[in-house]
Amino acid sequence: MAGRPLALCTWRLTLHDKQEASAVARIFDGEWTEWNTSSEDRYEVMTRAQTVGIILDGPHSIKFDMRQWANGGLVHHCDGRYFLSPDSSEGRSCGCPSSPIDRRALTRSGMGPQPNVTIAFRLASAPGVGIFRMRSVSWRFAENAMALKEEIGSNYEGVVWRISLHQVKVTTGVTYVKPVLAFTE
Ligand SMILES: [Zn+2]
């Protein structure tokens, strides 16, 4: 296995404020540095945390859509049933299969769109620091997040969630990181 990069299983957070970066690093017993980026989040914090307690503002904090790209352009953008863009086809049936198994198969074959989940969250241990975002294109995470979104309805107040990173090794020996979203008890 030498030379094969191991998937990181601890959270890396990026921030635009130096003071906040150092505060977040202290909370998670991690280290902050300035990293090479063109984005405004100039500071990164490598934490030692595999699980982070988070707060979501409301249903809009979990966003799901499906996207298929070809030649650098977005050729299929939908919510699984209806097109979301371009404007000329928005709201029209997109033709994606309704069964989750068929959808996954279509994504895997490269013939169908890929899920795209974005979670906007605050850190439960430092809610004042601002809003962080994470994105995943995994079907498993999409189903996990959408099931919890349905379960919670509009009752977000006072709920602390947790999001953990798990290392998964597939048969080819490649490891990747699987995020898992849950409610804290
Ligand atoms: Zn579709």
- Note on the structure: Here the pair of heavy atoms bringing P59 nearest to S154 is CG-CA, 4.4 Å

- Between E143 and R103, is a salt bridge (charged side-chain N to carboxylate O under 4.0 Å, His left out) present by the stated rule, with each step listed? CA-CA 12 Å; E143 285 165 10; R103 283 190 198 180; over 6 Å; no

- At what distance, to the nearest 0.5 angstrom, does OG1 of T10 lie from CD of Q50? 8.5 Å

- Ring centres under 6.0 angstrom apart (W161, Y156): yes

- Note on the structure: Closest heavy-atom pair, P97 versus D102, reported as atoms and distance to 0.1 Å, is CB-CB, 3.5 Å

- Heavy-atom closest contact (V177 atom, C9 atom, distance): CG2-SG, 4.2 Å

- Query: Do F183 and V160 belong to the same hydrophobic cluster, where Ile, Leu, Val, Met, Phe, Trp and Tyr are linked whenever their side-chain heavy atoms lie under 4.5 Å apart, directly or via other members?
  - Reply: no

- Item | Side chain to side chain, F121 and M134, heavy atoms closer than 4.5 Å | yes

- Message: Could you check whether D57 pairs with R122 (Lys NZ or Arg NE/NH1/NH2 to Asp/Glu carboxylate O, under 4.0 Å)?
- Response: yes

- Query: Is the closest side-chain heavy-atom distance between F28 and V45 below 4.5 Å?
  - Reply: no

- Taking atom CD of E34 as the centre, does the number of heavy atoms from other residues, nucleotides or ligands within less than 6.0 Å exceed 12? yes

- Looking only at non-hydrogen atoms, find the nearest pair between S138 and S136 and report the distance. N-OG, 3.1 Å

- Message: If I take atom NE2 from residue H16 and atom CG from residue D41, how far apart are they, to the nearest 0.5 angstrom?
- Response: 6.0 Å

- Task: Flag the pair W35 / T14 as yes when at least one side-chain heavy-atom distance between them is below 4.5 Å, and no otherwise.
- Result: yes

- CZ of R133: more than 12 outside heavy atoms within 6.0 angstrom? no

- Item | Heavy atoms from other residues, nucleotides or ligands near NE2 of H166 exceed 12 (cutoff 6.0 Å) | yes

- Note on the structure: In short, T37 meets R42 closest at the heavy-atom pair CG2-CA, 4.0 Å

- For E20, which residues count as a salt bridge (Lys or Arg N to Asp or Glu O under 4.0 Å) partner, sequence neighbours excluded? none

- Side chain proximity check, W11 to L165, heavy atoms < 4.5 angstrom: yes

- I119 backbone acceptor or donor facing K63 side chain under 3.5 Å: no

- Item | Same apolar cluster (I L V M F W Y, side chains within < 4.5 Å links), V180/I54 | no

- Item | side-chain contact (heavy atoms from CB on, under 4.5 Å) between V52 and F132, intermediate numbers included | CA-CA 12 Å; V52 172; F132 293 85; over 6 Å; no

- Task: Measure from the side-chain N and O atoms of K178 to the backbone N and O of Q167, and report whether any donor-acceptor pair falls under 3.5 Å.
- Result: no

- Query: In Å, rounded to the nearest 0.5 Å, how long is the span from CZ of F64 to CE of M146?
  - Reply: 6.0 Å

- Supply the atom-to-atom distance L13 CG to L123 CG, rounded to the nearest 0.5 angstrom. 6.0 Å

- Measure from the side-chain N and O atoms of R162 to the backbone N and O of G53, and report whether any donor-acceptor pair falls under 3.5 Å. no

- Look at the side chain of S89 and the backbone N and O of R92, then say whether any donor-acceptor pair between them is shorter than 3.5 Å. no

- Query: Looking only at atom types and distance, does a side-chain atom of D17 sit under 3.5 Å from a main-chain N or O of Q19, one as donor and one as acceptor?
  - Reply: yes

- Short side-chain to backbone donor-acceptor contact, S85 and D87, under 3.5 Å: no

- Looking only at heavy atoms, which two atoms of P113 and M66 are closest? And how far apart? CG-CE, 3.6 Å

- Should L15 and V24 count as side-chain neighbours, where that means a heavy-atom distance under 4.5 Å? yes

- Given the rule that I, L, V, M, F, W and Y join up when any side-chain heavy atoms are under 4.5 Å apart, are L181 and I55 in one cluster? no

- Task: Using the rule that two of Ile, Leu, Val, Met, Phe, Trp, Tyr join whenever any of their side-chain heavy atoms come within less than 4.5 Å, decide whether L106 and V117 are in one cluster.
- Result: no

- Query: For the atom pair CG (L56) and NZ (K149), what is the distance rounded to the nearest 0.5 Å?
  - Reply: 10.0 Å

- Message: Between R67 and D65, does any side-chain N to carboxylate O distance fall below 4.0 Å?
- Response: yes

- Message: Do the side chains of E31 and R26 get close enough for a salt bridge, i.e. N-O under 4.0 angstrom?
- Response: no

- Query: Taking C-beta and beyond as the side chain, do K18 and Y43 meet within less than 4.5 Å on heavy atoms?
  - Reply: yes

- Query: Does the side chain of C94 come within less than 4.5 Å of Y82's, by heavy atoms?
  - Reply: no

- Message: Rounded at 0.5 Å granularity, tell me how far CD in Q114 sits from NE2 in H76.
- Response: 13.0 Å

- Message: Are R12 and T47 packed together at the side-chain level, in the sense that at least one heavy-atom pair is separated by less than 4.5 angstrom?
- Response: no

